[in-house]
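The chains referred to below are lettered A, B, ... by the order of the sequence lines, with proteins before strands, and numbering in each begins at 1. Just so it is clear, the model here is predicted, and its values are computed rather than measured.
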Protein chains: 2
Amino acid sequence: MDVSSAVEKFLKTIYNLELRHQKASGSNMASKLNISPAAITDMAIKLAGQGLINYQKHKSITLTPKGKKIALLASRKHRLWETFLHRTLNLNLDEIHVEAELIEGYTSEFLLGKIDEYLGFPEHDPHGDPIPDKKGVLPEEQAFFPISESSPGSYQIERLYFESDELNDFFTEYEFKVGDILELVLIFKMDNALLIKRNKVTMVISENIGSKILVSKLNE
Amino acid sequence: MDVSSAVEKFLKTIYNLELRHQKASGSNMASKLNISPAAITDMAIKLAGQGLINYQKHKSITLTPKGKKIALLASRKHRLWETFLHRTLNLNLDEIHVEAELIEGYTSEFLLGKIDEYLGFPEHDPHGDPIPDKKGVLPEEQAFFPISESSPGSYQIERLYFESDELNDFFTEYEFKVGDILELVLIFKMDNALLIKRNKVTMVISENIGSKILVSKLNE
DNA sequence: CATCCATTTTAAGTATCCTTAATTAGACTA
DNA sequence: TAGTCTAATTAAGGATACTTAAAATGGATG
Ligand SMILES: [Mn+2]
Ligand SMILES: [Mn+2]
Ligand SMILES: [Mn+2]
Ligand SMILES: [Mn+2]
C-alpha cells in the first residue's frame with residue numbers, strides 16, 4: 001500500500017494520539033495537523049473507504065491493522081531521519097523533529113534502508129522512541145514510567161516527550177538527554193513537584209514536566 | 001521569493017537546459033519533467049506572470065534574473081544533498097541524483113546550512129558540478145573541456161555528465177570518478193572514438209561518451 | 001507558395017488537499 | 001426533559017499541479 005505524505009501524516013497522528021491514550025477526535029486531529037476540522041472529516045471519510053481507519057460520524061477515529069502498519073512505517077521514517085540528523089549533523093532534539101517532519105514523506109525505501117544500515121539498525125531515536133523495523137514491528141521494550149510516578153531514588157532517563165514548544169524549550173535549555181541519570185530527592189506534598197538532582201545540579205520540576213520524562217530504576 | 005517544489009524543479013530544468021546550450025522548448029521541458037506539454041504551457045504562463053521567466057507563445061523559455069536566482073538556489077539544494085548523501089551514506093553517483101531529486105524540494109534553509117557546514121562548504125558536488133553559495137553565486141571556475149575535443153596527453157576528470165540511463169550505467173559500471181587520471185592515447189580518425197588508459201586499463205570510448213567527460217590538462 | 005506536420009496551445013476536466021461558513025448532532029446542564 | 005453549547009459535519013469552493021483531446025500555429029518541404 002502506497003499512500004501520500006498527507007495520508008502518512010494523518011495516520012501517524014492518530015497513532016501518536018493513541019499511544020498517549022488520547023482520543024483521535026476531530027478537534028484533536030485538527031490542532032495536531034494544523035488544518036481545519038472540516039478537512040479532518042473529509043480525510044476520515046476517504047481513509048475509512050480505503051480500510052485504513054475505523055470511522056463513524058461524531059466518534060473518534062481508530063486505526064485498522066492496515067492503517068496501523070502504515071502509521072508504524074511512517075514513524076519508522078520519522079525516527080530514522082531524526083536519528084540520522086542527530087548523529088551526522090548534530091541537530092538537537094527539537095530541531096530533528098521539525099526537519100524530519102518536512103522531508104520524511106518523500107523518502108524512498110532504498111534511502112531509508114541505507115540510513116538504517118548506516119546507523120546500525122537502531123532500536124530507539126534520540127528521544128527514546130522505539131523504531132519499528134522494515135515490516136513495521138516495534139522492538140521489545142521494558143515498561144518505562146514517568147518520574148512523576150516514582151518514589152525517591154536513582155533513575156535513568158529512557159524517553160523524553162518533546163510535545164509542546166514549552167517542553168522543547170525546557171528540555172533543550174537544560175540539555176535533558178536520554179541516558180541522563182536523575183536522582184529523585186523528594187516529592188513536594190502540596191503540588192507533587194519533584195526535587196531532582198542531575199549532573200550535580202539540583203532543580204525542581206512540576207508534576208506535569210515529570211510526567212513527560214520516562215525513566216527506569218537504577219539499582220545501586 | 002518562496003516557491004513550491006514544482007516551480008523550483010521547473011526553473012531548475014530551464015537552467016540545466018540553458019547550461020547545456022539546449023532550448024527550453026515545450027517538448028524538451030515536458031520530456032525532462034515527465035509531464036505533458038500542456039502542463040508546460042500552463043506553468044509557463046503562470047511563472048511569466050510572476051516575472052520568473054520570459055515567455056512568448058510558441059517560443060522557448062528563458063529565465064529572468066529573479067528566476068535564475070531561484071534556479072541557482074534549487075541547484076544548490078540539489079548538489080548539497082547529492083554531496084551529503086555521497087559522503088555520509090556512500091550512495092554512488094547515480095543514486096545520489098535520484099534521492100536528492102525526491103527530497104530537495106522540502107529542505108529548510110536551516111537544514112541546508114547545516115549540511116553545507118558539515119561538508120565544509122564544498123564548491124563542487126561528486127559529479128563535478130559547481131555549488132552556488134547561499135546567495136546563489138557560483139564559484140569561480142576554470143574552463144574545462146570535453147576529452148573528445150582534446151589531443152593525446154594526460155588529463156584529469158573534472159566533471160561527469162550523468163544525463164541518461166545509459167551514461168549512468170556506463171560511468172557506474174566502470175567507476176568513472178571526478179579526479180581520475182586519463183591518458184588519451186589516440187583518436188580514431190574514422191569515428192573520433194577515443195583510446196584511453198585509466199588505472200592501467202585501456203579502453204575505447206565513443207566520441208559521444210567523450211563529450212560527457214570534462215577534463216583539465218595535466219602538465220607532466 | 002501552398003501544404004504538411006510537429007509543436008504548442010486551448011479547452012475542459014481530474015485528483016488532492018485544503019478553506020470558510022452554515023448547519024446539525026450529541027453531550028451536558030439546569 | 002428542554003435548552004444550550006461545543007464539536008463535527010455538510011456545502012460550496014479555491015489552489016496547485018496535473019491530464020487528455022481538439023484546435024491552432026508556424027517552420028520546413030516539395
Ligand atoms: Mn519527532
Ligand atoms: Mn522522536
Ligand atoms: Mn544531479
Ligand atoms: Mn550533481
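Two end axes, each from the C1' atoms of five base pairs, can be drawn for the helix from C:dC1-D:dG30 to C:dA30-D:dT1; they diverge by 10°, to 10 degrees.
Pairing each heavy atom of B:Val178 with each of B:Pro126, the nearest pair is CG2-O, 3.3 Å. Residues A:Gly136 and A:Leu72 share a closest heavy-atom pair of O-CD1, 3.2 Å.
Under 4.0 Å is where a charged nitrogen must lie from a carboxylate oxygen, and between B:Glu95 and A:Lys114 no such pair does. A salt bridge between B:Glu104 and B:Lys12 is present, with a side-chain N of the basic residue lying under 4.0 Å from a carboxylate O of the acidic one.
Within 4.0 Å of A:Tyr55, counting heavy atoms only, lie sugar-phosphate atoms of the nucleic acid but no base atom. Note on A:Ser27: only backbone sugar-phosphate atoms sit closer than 4.0 angstrom, heavy atoms only; bases stay farther off.
Listed pair B:Lys57 / D:dG26 fails the phosphate criterion, with no side-chain N or O lying under 4.0 Å from OP1 or OP2. For A:Lys59 and D:dA7, the shortest distance from a side-chain N or O to OP1 or OP2 is not below 4.0 Å. Within the structure, every side-chain polar atom (N or O) of B:Thr41 is placed at least 4.0 Å from both OP1 and OP2 of C:dT8.
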| field | Summary of protein contacts for nucleotides 12-17 of chain C, nucleotide by nucleotide, where a base hit scores B, a sugar-phosphate-only hit scores S (4.0 Å, heavy atoms) | value | -----S
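Counted by atom type alone, A:Glu82 and A:His78 present one or more donor-acceptor pairs between their side chains at under 3.5 Å. Defined by atom type and a distance below 3.5 Å, a donor-acceptor pair is present between the side-chain atoms of B:Thr172 and B:Asp94. In this model, a donor atom of one side chain and an acceptor atom of the other lie less than 3.5 Å apart for B:His124 and B:Glu141.
To the nearest angstrom, C1' of D:dT16 lies 15 Å from CD1 of B:Ile45. Going from atom NZ of B:Lys23 over to atom P of C:dT8 covers 11 Å, rounded to whole Å. Look at CD on B:Gln56: it is 11 Å from P on C:dT9, rounded to the nearest Å. Atom P of nucleotide C:dA6 and atom CG of B:Asn28 are separated by 17 Å, given to the nearest angstrom.
Taking A:Thr13 as the reference, nothing meets the side chain to side chain donor-acceptor pair (under 3.5 Å) condition, with sequence neighbours excluded.
Closest to the B:Ala38 side chain, of the nucleotides C:dT8, D:dT10, C:dA11, is C:dA11.
Residues A:Ala39 and A:His58 each lie close to DNA chain C; by heavy-atom proximity, the contact nearer the 5' end of the strand is made by A:Ala39.
Annotation: cation-pi pair B:Arg20/B:Tyr161 present, NZ/CZ under 6.0 Å from the ring centroid and within 45° of its normal.
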